[in-house]
Amino acid sequence: MRPPPFQTLIDAHAAELHRFLVASIGATDAEDCLQETFLAALRAYPRLRDTANLRAWLYTIAQRKAIDTVRRRGRHRTEVLAGESGEARVPRSATAAPHEMTDDGLWAAVRSLPPRQRAAVVHRFVLDLAYREIGERMGCTEEAARQNVAAGLKRLRREVTQ
Amino acid sequence: MTERDRERDFERDLGRRLADAGSRTPTLDPGRLQAELRRRAAAADLLDVAYASVGSPLGELLVAVTPRGLVRIAYPGEEAEVLEELASAVSPRVLRAPERTDRVRRELEAYFAGRLRRFDLPLDWSLVHGFAIEILHATARVPFGSVATYGEVAAEAGSPRAARAAGNALHVNPIPIVVPCHRIVPASGGLGGYGGGEERKRFLLELEGAAPA
């Protein structure tokens, strides 16, 4: 199959990729990261061989750009806004129940997860996808997606209750 | 309740809480995102085909330009097919970018308002091949307000006996209106065919004061 007009990718996936990035790296950087994602995709697009799963391809790029953004932030810690990095500590209390947490605290905890667990958790709960779809988008098996979600949740539980 | 049950409950609540918080994430402003993306794509030479919809008395026209010039004008009703065609024949880097089609839009508006008789636009002939190039070049030389026959354009293109081939080439003209295939009519009289339909051909010729009786 020949690649469809690039605009159709933006129309179909921009909003969802944006939610994925907001949950993964925070609202401040999500839009710029989404720009980077689409620019990188646009650059590679005419040479793309396999156009069967363009959505998964976009998620692969978005995830890579999200990791780049977090790394860049690590080097410029002082520029990082509160609530989006390790500086804004995850609230720790022995009694914290999920419904008592603030959104910021919750996202801080999600963002402290290793990249694959974070992506899996966001796909599962923020984008409400089945494990099979998560696997497709992350380029792994359904089982690996399930394990990443389970491991992510376990780790989140430790983060917020310890 | 066992420790394992508590873990499971907690994780279930956490999942609900994440979904809930996720539904409150700020929504994307697609207009702003795309305007900035187009700017950066153009700066990096990654905007190969820009298109937009342009209103006209003949309906919403789809106008597409490349860095070389105007490559396509399409009548309503086949937008998706036209974009697919551009993606495979020119480049899949196709973006909606109204600011890039402004010059074409202004000239089309002036033409339909009767203020412009000759388009002054760079053209990109990427979608035209072989004999059709000669035919459309000859067609582009037929002035506002006059008509020519299929045989005459064929002769002008160097093949006087190719009137029928000329008709076929004109029927798939990728840049109607600007490359005035509506000015080509049958020697036997009448309007002849038109890719956009006979009504549109009549409208254009009447606009130019050149409709045959």
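As the structure is a computational prediction, the values presented were derived from the model and not from experiment. These values consider heavy atoms only, across backbone and side chains, with no hydrogens, waters or symmetry-generated copies. Lettering of chains follows the sequences in order, A, B, ..., and the numbering in each one begins at 1.
Most heavy-atom pairs under 4.5 Å with chain A: of the set E7(B), R17(B), E36(B), R16(B), this distinction falls to R17(B). Contact tally against chain B (heavy-atom pairs below 4.5 Å) for D11(A), D32(A), L48(A): the top residue is D11(A). Contacts with chain A were tallied for P30(B), S91(B), S88(B); S88(B) has the most, counting heavy-atom pairs under 4.5 Å. Contact tally against chain A (heavy-atom pairs below 4.5 Å) for L86(B), L46(B), D29(B): the top residue is L46(B).
A donor-acceptor contact shorter than 3.5 Å is absent between the side chain of E84(B) and the backbone of P4(A).
Only the side chain of Q34(B) comes within contact range of chain A, judged by heavy atoms closer than 4.5 Å. Interface residue R43(A): backbone and side-chain heavy atoms are both found under 4.5 Å from chain B.
For the pair P92(B) and P46(A), the tightest heavy-atom approach, listed with the atom from each and the gap, is CG-CA, 3.9 Å. Nearest heavy atom pair, residue R157(A) against residue L14(B), reads N-CD2, 4.3 Å. Among all heavy-atom pairs drawn from L83(B) and P5(A), the shortest one is O-CG, 3.4 Å. Closest of all the heavy-atom pairs between A14(A) and L33(B) is CB-CD2, 4.1 Å. When all heavy atoms of R93(B) and F6(A) are compared, the pair lying nearest together is CA-CB, 4.4 Å.
Here the CZ-CD1 distance, from R96(B) to I10(A), works out to 8.0 Å after rounding to the nearest 0.5 Å. Distance check: L21(A) CG to L28(B) CG gives 10.0 Å after rounding to the nearest 0.5 Å. Between R19(A) atom CZ and T27(B) atom OG1 the span is 10.0 Å, to the nearest 0.5 Å.
A salt bridge links R40(B) with E36(A): the closest approach of a Lys/Arg side-chain nitrogen to an acidic carboxylate oxygen falls below 4.0 angstrom.
At a heavy-atom separation below 4.5 angstrom, chain B is approached by V121(A), F125(A), V126(A) within residues 116-133 of chain A.
When the shell of 6.0 Å around CZ of R2(A) is examined, it contains 12 or fewer heavy atoms from other residues, nucleotides or ligands. More than 12 heavy atoms of other residues, nucleotides or ligands lie within 6.0 Å of CD in E99(B), so this atom counts as buried by the packing criterion. Atom CZ of R6(B) is surrounded by more than 12 heavy atoms from other residues, nucleotides or ligands within 6.0 Å. Shown here is R4(B), whose CZ atom has more than 12 heavy atoms of other residues, nucleotides or ligands within 6.0 Å.
L95(B) is listed as a side-chain neighbour of L42(A), based on a closest heavy-atom distance under 4.5 Å.
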